Amino acid sequence: MLKIYNSLTRAKQDFVPITPGSVRMYVCGMTVYDHCHLGHARVLVVFDLVQRWLRASGLRVTYVRNITDIDDKIIKRALENKESIGDLTNRFIAFMNDDAAALGVEKPDHEPRATEYVPQMLELIGRLEKNGLAYQVPDGDVNFSVRKFPGYGKLSGKALDDLRAGERVDVDGTKEDPLDFVLWKHAREGEPSWPSPWGDGRPGWHIECSAMSSVLLGEHFDIHGGGQDLQFPHHENEIAQSEGAHQCRFVNYWMHNGFVRVDDEKMSKSLGNFCTIKEILRKYDPEVLRFFILRAHYRSPLNYSDTHLDDARQALSRLYTALRTANTDPPSIDWDEPHALRFRDAMDDDFNTPEACAVLFDLAAELNRSKSATLAGQLRGLAGLLGLLGRDPQVFLQAAPSEGGELTAEQIESLISERAAAKAQKDYTAADRIRADLLSAGVVLEDGASGTRWRRA
RNA sequence: GGCGCGAUAGCAAAGCGGUUAUGCACCGGAUUGCAAAUCCGUGUAGGUGGGUUCGACUCCCGCUCGCGCCUCCA
């Protein structure tokens, strides 16, 4: 039985879908005005994994991951770049898709863009107004009245009176309560706007997710995910809007992934201590990055450093090396086999991928001993559920990152032939020299009965 | 000030009230021309002070330290 840690109840709970046999899941995706950083990589990979495991468990999944393509930062950036908002967002959506694909992230079933759902947002705001939860202020903004929604704070565990609005940012004096948030912003000079019953304007940040999720998944659905930093205020506000408008429960299970950190500090755009996925992929294979993310539990903080990536690379190489020795049945899973059982238990326990990875290593050790093609298929099969070990081992082991890898495969092969000739003459000095030269170029040789193999160190 | 999370061996990271986590690194052995890979063997980890218990890294309380949210952020 799958258990999921629910942020709403702060406990692991048995997962029971609303509709038996199928799951509806919504994840907050990117605001597209810049390249994705490692934190984005984590959300992408973590919820891809969730989606994969739900499907592997036999559930029909509808997975929605939205794209925010209109907001303050996008407008600002487009202005700075002297380009249209559409050009800017389209460009970064394409970059995001490249990054996601490199990381082995499967396409969600729907990737709605905020700007395509403005009418539905207006409809929602209308309902909120009718339900007495929204009010318009003289300058034209429409706000959500936080005090009128009884459950406000239930997700983030905050009591309204404990929140110190205005402590760190100036309070907008037109709001009835400082914590009220904007549903509709009145149009401003030089900004895009849409017509509405409240005058021209554009949507507030939170309303898009309430609108898109209800259109694509219904007013009440199973799982809503995102980064921990969205828990408050974004998800709290989504609950207020959706439940306030529809008068029914919004989401059963809330999932939040932990932060990526640098030097024990949150990686974020505001702190400026982020590195983009692309930067990392210049030095590391994307599968190494995926493995690095999956080796920690999704709710734990994940500390980034090159040393840790190196470590992950070595570890992943061990798995691929094991596969190399017994090539191999096609990936297939025998769920009665002990490793598979352990793997399933781990994954059913709130997606415990570190434990699932440990099973993979145990399997690899046994594979190294037995050289069993069946076990190799099992290893590939289970790893495949994590989106790992899908490639030919030699391709992974010999892959050169775009930075480094100064020798080409052809050059390496030719030096190996040279060395083979030297070895045949028992000229070990020459042979060892070639091997040492290759090693300093990052290439490791392995002499075996059937000749010499190489891989990148 | 409010609320929440965490502290595990050199590094990374899980489970578990009593029996090997796992990976990287390190050491010894086998193997190898020598290596590499692999196999075999080797680690008296669990912030600190109490408590519960026959027994606690694992449960409870205090303390210390670190982190996060309370503002846009995955």
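Keep in mind it's a predicted model, so treat the numbers as computed, not measured. Convention: sequence-line order gives letters A, B, ...; per-chain numbering from 1.
Remark: B:rC3 base-pairs with B:rG68; criterion is Watson-Crick or G-U wobble with both hydrogen-bond distances under 3.5 Å. When both distances must be under 3.5 Å, the Watson-Crick or G-U wobble mate of B:rU32 does not exist. Nucleotide B:rC16 has no partner under the Watson-Crick or G-U criteria, as no pair reaches both atom distances under 3.5 Å. Nucleotide B:rU8: unpaired (no Watson-Crick or G-U wobble partner with both distances less than 3.5 Å). Partner assigned to B:rG43 is none, using Watson-Crick or G-U wobble distances below 3.5 angstrom.
Residue A:Gln231 is classed as having no contact, given no heavy-atom separation below 4.0 Å to the nucleic acid. Note on A:Lys426: nothing from the nucleic acid sits closer than 4.0 angstrom, heavy atoms only. Residue-level contact check: A:Leu230 touches the backbone only, with heavy atoms under 4.0 Å from sugar-phosphate atoms and none from bases. Contact annotation for A:Asp447: base contact, defined as any heavy-atom pair under 4.0 Å involving a base atom. No contact: A:Arg342 has no heavy atom under 4.0 Å from any strand. Across all strands shown, A:Val27 has no heavy atoms under 4.0 Å from either base or sugar-phosphate atoms. Residue contacts for A:Gly227: at a heavy-atom cut-off of 4.0 Å it reaches the sugar-phosphate backbone alone, with no base atom in range. In this structure, A:Asp264 reaches the sugar-phosphate backbone alone: every heavy-atom distance under 4.0 Å involves primed, P, OP1 or OP2 atoms, never a base.
With RNA chain B read from its 5' end, the first of the two nearest nucleotides for A:Tyr428 and A:Val43 is the one closest to A:Tyr428. Residue A:Leu316 is the one, among A:Thr429 and A:Leu316, whose nearest nucleotide of RNA chain B lies closer to the 5' end (criterion: closest heavy atom).
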Sequence-aligned protein contact record of nucleotides 37-42 of chain B, with B where the base is within under 4.0 Å of a protein heavy atom and S where only the sugar-phosphate is
SSSS--

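Whole-Å rounding puts the A:Phe274 CZ to B:rC72 C1' distance at 14 Å. Per the geometry, CZ belonging to A:Phe343 stands 22 Å off P belonging to B:rA21, to the nearest Å. Rounded to a whole Å, the CZ atom of A:Phe232 is 9 Å from the C1' atom of B:rC69. Atoms NE2 (A:His339) and P (B:rU22) sit 11 Å apart, rounded to a whole Å. Distance, A:His256 NE2 to B:rG68 P: 17 Å, rounded to whole Å. Atom NE2 of A:His37 and atom C1' of B:rC72 are 12 Å apart (whole Å). Put simply, NE2 on A:His308 is 5 Å from P on B:rA12, counting in whole angstrom units. A straight line from CE of A:Met255 to C1' of B:rA74 spans 14 Å, rounded to a whole angstrom.
Geometrically, A:Lys158 engages A:Phe232 in a cation-pi contact, judged by NZ or CZ lying under 6.0 Å from the ring centre and within 45° of the ring axis. Geometrically, A:Lys266 does not engage A:Phe274 in a cation-pi contact defined by less than 6.0 Å to the ring centre and at most 45° from the axis. At least one test fails for A:Arg202 against the ring of A:Trp184: distance under 6.0 Å to the centre or angle within 45° of the axis. For the pair A:Lys12 and A:Tyr5, the cation-pi criterion (under 6.0 Å, within 45° of the ring axis) is not fulfilled.
Comparing the C1' positions of B:rU53 and B:rC59 gives a spacing of 10 Å, expressed to the nearest Å. Separating the P atom of B:rG15 from that of B:rU22 is a span of 15 Å, rounded to the nearest Å. Annotation: B:rA13 and B:rC57 have their C1' atoms spaced 15 Å apart (nearest Å). For the C1' atom pair drawn from B:rG43 and B:rG23, the interatomic distance equals 15 Å after rounding to whole Å. B:rU52 and B:rG17 are spaced 12 Å apart, taking the C1' atom of each and rounding to whole Å. Comparing the C1' positions of B:rA7 and B:rG46 gives an interatomic distance of 9 Å, to the nearest angstrom. Going from the P atom of B:rC3 to that of B:rU42 covers 49 Å, rounded to whole Å. B:rC24 sits 37 Å from B:rG62 when the C1' atoms are compared, rounded to a whole Å.
A:Glu366 places none of its side-chain heavy atoms less than 4.5 Å from the side chain of A:Ser372.
Residue-to-nucleotide contacts include a donor-acceptor pair under 3.5 Å from the side chain of A:Asp311 to the base of B:rG23. If you check distances only, the side chain of A:Asn352 never reaches the base of B:rG15 with a donor-acceptor pair under 3.5 Å. Evaluation of atom-type donor-acceptor distances gives a pair under 3.5 Å for the side chain of A:Ser270 against the base of B:rC72. A:Lys266 contributes no side-chain N or O that forms a donor-acceptor pair with the base of B:rC67 under 3.5 Å. The base of B:rC72 sits with one of its N or O atoms less than 3.5 Å from a complementary donor or acceptor on the side chain of A:Lys73. Counting distance only, with no hydrogens placed and no angle test, the side-chain atoms of A:Arg435 and the base atoms of B:rA35 include a donor-acceptor pair under 3.5 Å.
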Using the side chain to side chain donor-acceptor pair (under 3.5 Å) rule, take A:Asp109 and A:Thr62 through it: C-alpha gap first, then chi angles, then the decisive distance, then the call.
CA-CA 6 Å; A:Asp109 299 287; A:Thr62 309; 5.4 Å; no

Tell me, with the steps shown, if A:Tyr298 and A:Asp350 meet side chain to side chain donor-acceptor pair (under 3.5 Å).
CA-CA 9 Å; A:Tyr298 76 91; A:Asp350 194 32; 2.7 Å; yes

Go through the steps for A:Ser7 and A:Gln231 under the test side chain to side chain donor-acceptor pair (under 3.5 Å), then give the verdict.
CA-CA 9 Å; A:Ser7 307; A:Gln231 194 168 349; 4.7 Å; no

Could you go through the salt bridge (charged side-chain N to carboxylate O under 4.0 Å, His left out) check for A:Asp98 and A:Lys278 one step at a time?
CA-CA 9 Å; A:Asp98 293 345; A:Lys278 278 182 188 54; 5.3 Å; no

Decide yes or no on salt bridge (charged side-chain N to carboxylate O under 4.0 Å, His left out) for A:Lys3 and A:Asp348, but give the supporting numbers first.
CA-CA 6 Å; A:Lys3 284 188 182 350; A:Asp348 273 348; over 6 Å; no

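Each of A:Arg456, A:Arg313, A:Arg290, A:Arg391 was evaluated against A:Asp285; a single residue qualifies, A:Arg391, per the salt bridge (charged side-chain N to carboxylate O under 4.0 Å, His left out) test.
A stacking contact between A:Phe259 and B:rG68 is absent: the pair does not combine a ring-centre distance of less than 5.5 Å to the base's six-membered ring with planes differing by less than 30°.
Looking at residues two or more places apart in sequence or on another chain, you find no ring-ring contact (aromatic ring centres under 6.0 Å, His included) involving A:Phe361.
The side chain of A:Asp362 lies closest to B:rU22, out of B:rG33, B:rA74, B:rU22. Listed nucleotides: B:rC67, B:rG23, B:rG2. Nearest to the side chain of A:Phe361: B:rG23.
Residues of residues 287-300 of chain A that place a heavy atom closer than 4.0 Å to RNA chain B, in numerical order, are A:Arg295, A:Ala296, A:His297, A:Ser300.
For the OP1/OP2 pair of B:rA74 and a distance below 4.0 Å, the side-chain nitrogens and oxygens of A:Lys269 include at least one atom meeting the criterion.
Using a cutoff of 4.0 Å between basic side-chain nitrogens and carboxylate oxygens, A:Glu111 and A:Lys107 are scored as salt-bridged.
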